Each structure stands twice: as C-alpha cells, then as structure tokens.
Amino acid sequence: MLEKIDALLVEVENFSSINKDEIEQFRIKFSGKKGIINDILAQFKQVPNEQKKEFGQKINTLKQAVEAKLEGLKSATTSSILFEKDDLTKPGFPSELGSRHPINLVKNRIIEIFRSIGFAVADGPEIEDDWHNFTALNLPEYHPARDMQDTFFIETNPDLLLRTHTSSVQIRYMEENEPPMRILSPGRVFRNEAISSRSHCIFHQIEGLYIDQNVSFADLKQTIQFFTTELFGKSKIRLRPSYFPFTEPSAEVDVYWGLNSETDYRITKGTGWLEIMGCGMVDPAVLANVNIDADKYSGYAFGMGIERIAMLMYQMSDIRMFFENDKRMLEQFKTL
Ligand code: DAH
C-alpha cells in the first residue's frame, strides 16, 4: 500500500499540462468524490494499527502534492490563456513622451552659460525670514523700497514670508561661506500681485553673486555682455542707472534686440531695446551684515526673471501660459 502511494506521488509530480480538460481530469482522478485519495482513505480502517501513523502521513503528503500541482497549473494556464488571446502583432499602447518645461529649458541654459565661467549653483528656502529677504539686504523695516515687492506673509508668524526675490540666497550663501565666491541661484519667488498677461504671483528668478578682491563694475558689465551674447546672440547692451537697496551703484540692463520685424517693433515699443535684468555692486552695508570685510572685498550681483527671458526667446505673449500646463503649449518644446 505504501509503495502504491509513493508511485502515485511520482505520478503527481510528473504531471504537466496547459490543457484545461486534461487538468480537470487529473483533478477528478485524484481529488474527485470517487477519486484516488478518497479511495485510499476508505482503506485506512484496514491498515494495521502500528502502520497507521506512517500511512496517514503519506496520504497527507499525496493530498498536498495534488493541491500544489493543481494550484501551479491553474496560474500557469491563466497566463497562457491571456497569451493565447492576445494578438502579439498588434501595436502597443502609445506611451506619450514628456518634454521639458520652457522655464526649465531657459533656466538650464542660463546655468550652463554661467557655469562655463566658474559660477556654482546655490539654493535657498522659499519660505524665508524677514532678515534674509529684506533686512540684511539693506531693506530695514519701514524702508519704502519694501513696497516695491508686495509680500505674502505667513499669518501665524509675522517674521516669515514667501520670498519676494532670490536675492535672499545671496545673504544665506555669504553668511556660510568665505570669499571668493561666485554663485547663481535659480528659484521660485512670490508676490502679491494681480495676475495678468504680464505679471503673476508666482514666477522664477535667477540671482547671481560674485565676491572677491578687486571686483569692479567693468567685471560686471563684461560678464553680462558675455551672457547676452551666449544666450541671445546679442552683444550690444546698455546699463541704465537705477536703484536697488542692496547694490550701489545699481543699474538696469537693456539688450539691443533690434527692429528687424514687426514683433521686434512691438515688444521693444519701437526702441529696439529690451530690459532683461537688474544689477549693481554689492552695497558695503550688505557685506557688513554678513561679516564680510568691505575694505578687503567687493562684488557684484544681478537678478533676472526667467519668465521674462523665456517669453522673449520663445515669443510668448502671456506669462500665464507657463502655469496652465496646456499640453498644446508644452508639446511645442519637445525637441528643444
Ligand atoms: N532682487 C531684484 C528684484 O527682484 C532683482 C535684482 C536687482 C537682484 C539688482 C540683484 C541686483 O542682485 O543687484 O527685483
């Protein structure tokens, strides 16, 4: 009897099929009502007492082997049934390719240009404190220039706000590093402004900072000219005197865009010139706030809006397009 069960075990082990009918026959043969297992169990009574234990274990092993076999074949057939049904020559589901966002394309290009002349990338938080966004940048409380940047404050803590510009990263970097330093900080900034085709409450800026011995205004001008030549292919620039609390002297940079087309005429308002950034020599008061010796070191800083530059480069007329995620717009940047 025991040998018979051993032989059945081998039979179970060796059985294999992906045919549903054959598998069902196998099930009936072993586990059916009048199947082998029930048949053997019926003979259990006649087994001498001293063999009952071994016999019982053998039957259990056989029962489990049959169950495991059926389970294995069932999962094999479900996948092979799927296989039979599928037409493998059919074209696959189209998977859509994404594209880089124009803001990132422009940001990466600007970083690449400045990296080639030794600028590293530095980061700072979007939720900033008053010191880094304003006070250390020579904008103490009640300074009228604070109104130039309508600020979102964090209601539960009057010292916290959403940074209004990436100039805050200058302060953070200068606090933690020793000159010489040459950094670029791209990031999101926030202003409590009405949304229109020209302005948004969220946008992106890139800040630049260079501090070393004997840095001059000529270095600043030369660097910016290198930048506009690389980015736009335009080397004619002009620096208009301006005011920023954190730089002295300060300037706004215009690039000569030309008047070659109707669009050029429109976007430059007939002048040929376009403003692209603010800049200046870092105010000694700012250096003092971060414990850098203004007698030994000097430096320049600049800041520009990425949306503005992207709109120029891609001839886009509405800043809101950058935030709407309209695929028809985004898909146009696939090959860039
Ligand atoms: N932070 C200024 C703004 O948001 C931009 C700027 C102007 C940054 C002059 C500078 C700078 O570093 O020197 O309008």
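Whatever order the structure lists them in is the order used to number ligands and atoms, beginning at 1. Keep in mind it's a predicted model, so treat the numbers as computed, not measured.
Using a cut-off of 4.0 Å between Lys/Arg side-chain N and Asp/Glu carboxylate O, E11 and K29 are scored as salt-bridged. Using a cut-off of 4.0 Å between Lys/Arg side-chain N and Asp/Glu carboxylate O, R172 and E128 are scored as salt-bridged. Note on R27 versus E24: salt bridge recorded, some NZ/NE/NH1/NH2 to OD/OE distance being below 4.0 Å.
E207 OE2, 2.6 Å is the protein heavy atom nearest to atom 12 (O) of ligand 1. Regarding atom 11 (C) of ligand 1, its nearest protein heavy-atom neighbour is F246 CE1, 3.6 Å.
Every atom of ligand 1 is numbered from 1 in the order shown, and the set under 4.0 Å from a heavy atom of A301 is 12 (O), 13 (O). Taking every non-hydrogen atom of G303 and a distance limit under 4.0 Å, the qualifying atoms of ligand 1 come out as 6 (C), 8 (C), 10 (C), 12 (O). Proximity to Q170 (heavy-atom distance under 4.0 Å) selects the following atoms of ligand 1: 12 (O). Close contacts between ligand 1 and Q205 involve ligand atoms 3 (C), 4 (O) [criterion: under 4.0 Å to a heavy atom]. Listed by atom number, the atoms of ligand 1 under 4.0 Å from G280 heavy atoms are 13 (O). Near S167, the atoms of ligand 1 lying under 4.0 angstrom from a non-hydrogen atom of the residue are 1 (N), 8 (C). Distances below 4.0 Å separate heavy atoms of F244 from the following atoms of ligand 1: 7 (C), 9 (C).
Contact annotation for C279 and ligand 1: only backbone heavy atoms (N, CA, C, O) come within less than 4.0 Å of the ligand. Residue-level proximity to ligand 1 for M304 is absent, since no heavy atom of it falls below 4.0 angstrom. No part of M277 comes within 4.0 Å of ligand 1, judged by heavy-atom distances.
Using a 4.0 angstrom heavy-atom cutoff, R191 counts as in contact with ligand 1.
By the 30° and 60° cut-offs, the orientation of the rings of F322 relative to H101 is tilted. The aromatic rings of F26 and F30 lie tilted to each other, with the angle between the two planes from 30° to 60°.
One N or O on the side chain of N133 and one on the backbone of T164 form a donor-acceptor pair closer than 3.5 Å.
Under the side-chain hydrogen bond (donor to acceptor under 3.5 Å, both in side chains) test applied with Y300, the options D212, T247, T223, D219 reduce to a single match, T223. Of the candidates L160, N192, L161, F152 forms a side-chain contact (heavy atoms from CB on, under 4.5 Å) with just one, namely N192.
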message: Please determine whether ring pair (Phe, Tyr, Trp, His ring centres under 6.0 Å) holds for the pair F323 and F203, giving the CA-CA distance in whole Å, both sets of side-chain angles, and the decisive distance to 0.1 Å.
response: CA-CA 9 Å; F323 302 96; F203 55 102; 8.7 Å; no
